[in-house]
Amino acid sequence: PGSTTQAADSSVEICPFDAADVVKVSFDNPKFSATLVRQEDGSFIMEEEPEFPLNQTRTEILFGNVVGKADSIVAEEADLSVYGLDDPAIRIVATDKNGSEYRLNVGDKLGTVSKNGYYACIEGQNTVYLVPASLYAYFNLEKSDWITSENLPEIDTTKIVGVEIASEEFGNLALFHTGAVGD
């Protein structure tokens with residue numbers, strides 16, 4: 001008879017708040033910084049630009065992920081510079097309805113065959129956690145990523161005659177249609 005073993009859940013609660021209690025999330029990454037605020041009607045605004053066409057679904061996901069669990073504890077009483085946490089790539093501050101703050105810093109990426117994610121610590125503490133790569137992805141967006149798609153202009157593809165792509169990493173590319181347009 002075979003036996004099955006199940007991996008133990010080593011995840012760790014790192015945020016003391018419930019997602020429903022979070023009323024404000026601020027983040028600072030190399031591309032963009034913002035403060036997103038939950039309104040009384042449940043919608044969200046960007047505090048710095050209240051009229052900004054903020055993607056409500058993406059913001060709801062962000063609010064839910066700020067209270068996520070860490071995958072595991074990596075080190076206690078750690079030298080934060082070893083994990084990129086002395087100068088974190090992303091700083092996150094969540095505020096609950098009582099005004100309490102939770103501050104999470106995200107540093108270097110861990111990428112091995114068996115594990116991946118990012119190192120993180122609660123600001124002011126020297127315990128290093130491994131958080132899912134998705135947390136990093138949610139908080140490492142540019143301002144344009146936060147625009148609701150309903151407000152983007154529609155493009156009539158029959159009028160496109162060329163495309164130019166500028167890329168520092170891969171070089172520039174330009175494609176132009178030289179024949180008859182339409183048909």
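- You'll find the side chain of Phe32 reaches within 4.5 Å of the side chain of Asn29, heavy atoms only.
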Test side chain to side chain contact (heavy atoms under 4.5 Å, CB included) on Leu110 and Lys115; report intermediate values, then the result.
CA-CA 7 Å; Leu110 167 70; Lys115 281 187 173 181; 4.2 Å; yes
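- No continuous path of ILVMFWY side-chain contacts below 4.5 Å connects Tyr138 to Val37, so the two sit in separate hydrophobic clusters.
- Within the 4.5 Å cutoff, the side chain of Asp71 has heavy atoms near those of the Pro132 side chain.
- Residues forming a ring pair (Phe, Tyr, Trp, His ring centres under 6.0 Å) with Tyr129 (at least two apart in sequence, or on another chain): none.
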Determine, stepwise, if the pair Arg58 / Glu60 fulfils salt bridge (charged side-chain N to carboxylate O under 4.0 Å, His left out).
CA-CA 5 Å; Arg58 178 164 280 163; Glu60 183 70 43; over 6 Å; no
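- In this structure, the side chains of Val128 and Leu85 come closer than 4.5 Å at one or more pairs of heavy atoms.
- Side-chain atoms of Lys31 come within 3.5 Å of backbone N or O of Asn140 as a donor-acceptor pair.
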Could you go through the side chain to side chain contact (heavy atoms under 4.5 Å, CB included) check for Asp96 and Val23 one step at a time?
CA-CA 5 Å; Asp96 75 356; Val23 295; 5.9 Å; no
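- A heavy-atom distance below 4.5 Å is not found between the side chains of Tyr83 and Asp108.
- Using a distance-only test at 3.5 Å, with no hydrogens or angles considered, no donor-acceptor pair links the side chain of Asn126 to the main chain of Leu80.
- Under the 3.5 Å distance criterion, with hydrogens and angles disregarded, no donor-acceptor pair is assigned to the side chains of Thr148 and Asn55.
- Contact of the Tyr136 side chain with the Ile90 side chain is registered, since non-hydrogen atoms from C-beta on lie closer than 4.5 Å.
- Side-chain contact between Leu36 and Glu47 is absent, with no heavy-atom pair separated by less than 4.5 Å.
- Within 6.0 Å of the CD atom in Gln39, the count of heavy atoms belonging to other residues, nucleotides or ligands exceeds 12.
- Using a 4.5 Å heavy-atom threshold, the side chains of Phe27 and Ser33 count as separate.
- Both Tyr118 and Tyr102 belong to a single network of hydrophobic side chains, linked directly or stepwise wherever heavy atoms of I, L, V, M, F, W or Y lie under 4.5 Å apart.
- When the ring pair (Phe, Tyr, Trp, His ring centres under 6.0 Å) test is applied to Phe63, the partners found at least two apart in sequence or on another chain are Phe44.
- Donor-acceptor pairing under 3.5 Å is lacking for the side chains of Asn98 and Ser100.
- The backbone N or O of Val22 sits less than 3.5 Å from a side-chain atom of Arg38, completing a donor-acceptor pair.
- Inter-residue side-chain proximity for Ile14 and Ile122 is flagged as met; some heavy-atom pair is nearer than 4.5 Å.
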Salt bridge (charged side-chain N to carboxylate O under 4.0 Å, His left out) between Asp21 and Lys97, intermediate numbers included
CA-CA 6 Å; Asp21 293 338; Lys97 61 186 178 186; 3.2 Å; yes
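- A single hydrophobic cluster is seen to contain both Phe139 and Phe52, as judged by linkage of ILVMFWY side chains at heavy-atom distances under 4.5 Å, directly or through other members.
- In this structure, Glu48 contributes its side chain and Thr35 its backbone to a donor-acceptor pair below 3.5 Å.
- Looking only at distances, no side-chain donor or acceptor of Asp18 sits under 3.5 Å from a matching main-chain atom of Ala20.
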